[in-house]
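Below, each value reflects all heavy atoms present in this structure, side chains not excepted, and no hydrogens, waters or symmetry copies. Chain naming here is simple, since letters A, B, ... match the order of the sequence lines and numbering starts at 1 in each.
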Protein chains: 2
Amino acid sequence: MPESPLRAQRRAETQRAIQAHAVRLFSERGYDATTVTEVAEAAGVSAMTVYRHFPTKEDLVLVDELGPLVAARVAASAGVRPPVRRIGQALVESATAVTGDRFLLARLQLMISTQALRARHLDNHYVLQQAIVDALGADAGDPFDAEAAASACLAAMHTALVRWAQDDGRSDLAGLVAKALAAAVGDPVRDH
Amino acid sequence: MPESPLRAQRRAETQRAIQAHAVRLFSERGYDATTVTEVAEAAGVSAMTVYRHFPTKEDLVLVDELGPLVAARVAASAGVRPPVRRIGQALVESATAVTGDRFLLARLQLMISTQALRARHLDNHYVLQQAIVDALGADAGDPFDAEAAASACLAAMHTALVRWAQDDGRSDLAGLVAKALAAAVGDPVRDH
DNA sequence: TCATTTGTGTTAGTCACTACCAACTTGGTA
DNA sequence: TACCAAGTTGGTAGTGACTAACACAAATGA
């Protein structure tokens, strides 16, 4: 599958256009008050095309770019001792990487204010949790303990994300994540 | 509003009948493969009646009896020192209270295996989280820290619930919750 | 007994989403 | 250049969750 470049580019363009119009309309009129047909019209395509690029309406907002970052950083931190600290450091570092992303902020604000999006977003933590457990490797002890640690760290990070979105992205995201983790699982940013 | 007893009783009966048939059918055929109309027919009512008693199909499974228990126990534990320990103790105690509830177990297994239910269930943690923060009271320090601690503890408990449901309720739920909390936020069952 | 409230059923409608089929465009090939 | 295969799109019809509006029956309170 050599993936001819012209087709891939066109596909990526329409995909981005659809998502951009969707997030804009959702932010303006509200998620529930905006139909997929309206998004399609704004993007200049048919409703069918929207569903071909995004399996559900929720997926127009829910693209997780943070997940792969976190998993990669966890895998790279094999030296650090307690799993919660490995995960915590990875989360703080990943938070730093996305600071300043206005599009992510807009989508995050939608996710927090809309029930359907909020629910699916939290469910995505499930996938990320498993990715983190896998990234921890075999030497992280009991898988159950690793799952519990990962889910707790993700929940704490989510609290920070909510606060950041409420502050309209003005506060320091990495600092918030570190503070939330400190309150939940103890001080994880203290370097070994 | 004196709530005439005969009407209240009939209402509670139909409500319970609808939910029982719903959970049974969902467990047998799968949540997505069962329509609300089928649930209504099994319960001997019309589809409209189902929607009058349960706002959405998901609510046929998602009734949170654990939430009020946890919030009450947190409020009653004003003496304990760190918030995470207050919350952790409340969660372990509440877990003990629901051990042996087969209906809860069946619903939990549905929640875990079905994406829509899983997502909504996790979103309900949001409400419970706020209830816990309120129950902690004003002396619990920074509200943000309390939110982070509560969400992390709930996430750890959820990991225990998942494991318990996978074990078909055979394992010790309170023990699992305590173990998950220990792995995530440190040992919370150690008595002060 | 009578008026009010409440529970229920019916119908028609919106919207997310799917299956199926037809048309067009692109990419490589004879 | 002509042509075939594959990918992209649009239209139509359908399912299912959910809502609104109207009518009917039963139960409550006077």
A:Asp32 CG to C:dA16 P, straight-line distance once rounded to whole Å: 9 Å

Among D:dT9, C:dA16, D:dA17, the one nearest B:Val36 by side-chain distance: D:dA17

Spacing of B:Glu13 atom CD relative to D:dA27 atom P, expressed in whole Å: 13 Å

Ranking C:dA16, D:dT19, D:dG11 by distance to the side chain of B:Met48, first place goes to D:dT19

Rounded distance (Å) that lies between atom C1' of C:dG27 and atom CD of A:Gln9: 16 Å

Considering only C:dC15, D:dT28, C:dA19, which nucleotide approaches the side chain of B:Arg7 most closely? D:dT28

For A:Phe54 and D:dT8, what is the distance between atoms CZ and C1' respectively, to the nearest whole Å? 15 Å

What closest approach, in Å, do A:Ile87 and A:Ala149 show between heavy atoms, and which atom pair accounts for it? CD1-C, 4.2 Å

Can a donor-acceptor pair under 3.5 Å be found between the side-chain atoms of B:Arg52 and the base atoms of C:dG9? yes

Do B:Gln19 and B:Gln15 meet the criterion of a side-chain donor-acceptor pair at a distance under 3.5 Å? no

In terms of the nearest nucleotide of DNA chain D, which residue is placed more toward the 5' end: B:Arg10 or B:Thr56? B:Thr56

Exercise: do A:Arg29 and A:Thr34 side chains pair donor with acceptor under 3.5 Å: no

Atom-to-atom span, NZ of A:Lys57 to P of C:dT14 - whole angstrom: 16 Å

Between A:Glu147 and A:Gln129, does the side chain to side chain contact (heavy atoms under 4.5 Å, CB included) criterion hold? Intermediate values first, please. CA-CA 7 Å; A:Glu147 286 175 17; A:Gln129 172 191 324; 3.5 Å; yes

Ranking C:dA19, C:dC15, C:dT11 by distance to the side chain of A:Thr35, first place goes to C:dC15

Regarding A:Thr37, tell me which of base, sugar-phosphate or nothing describes its non-hydrogen contacts under 4.0 Å with the strands shown. nothing

In whole angstrom, what separates B:Tyr51's OH from D:dG16's C1'? 8 Å

Is there a side-chain contact between B:His53 and the phosphate of C:dG7, meaning an N or O under 4.0 Å from OP1 or OP2? no

Figure out the CD/C1' separation between A:Glu41 and D:dT9, and round it to whole Å. 16 Å

Rounded off to whole Å, could you give me the OH-to-P distance for the B:Tyr31 and D:dA17 pair? 8 Å

Compare the minimum distances between each of D:dC18, D:dT8, C:dT8 and the side chain of A:Arg11, then state the nucleotide with the smallest one. D:dT8

A:His158 vs A:His121 aromatic rings, parallel, tilted or perpendicular, using cut-offs 30° and 60°? tilted

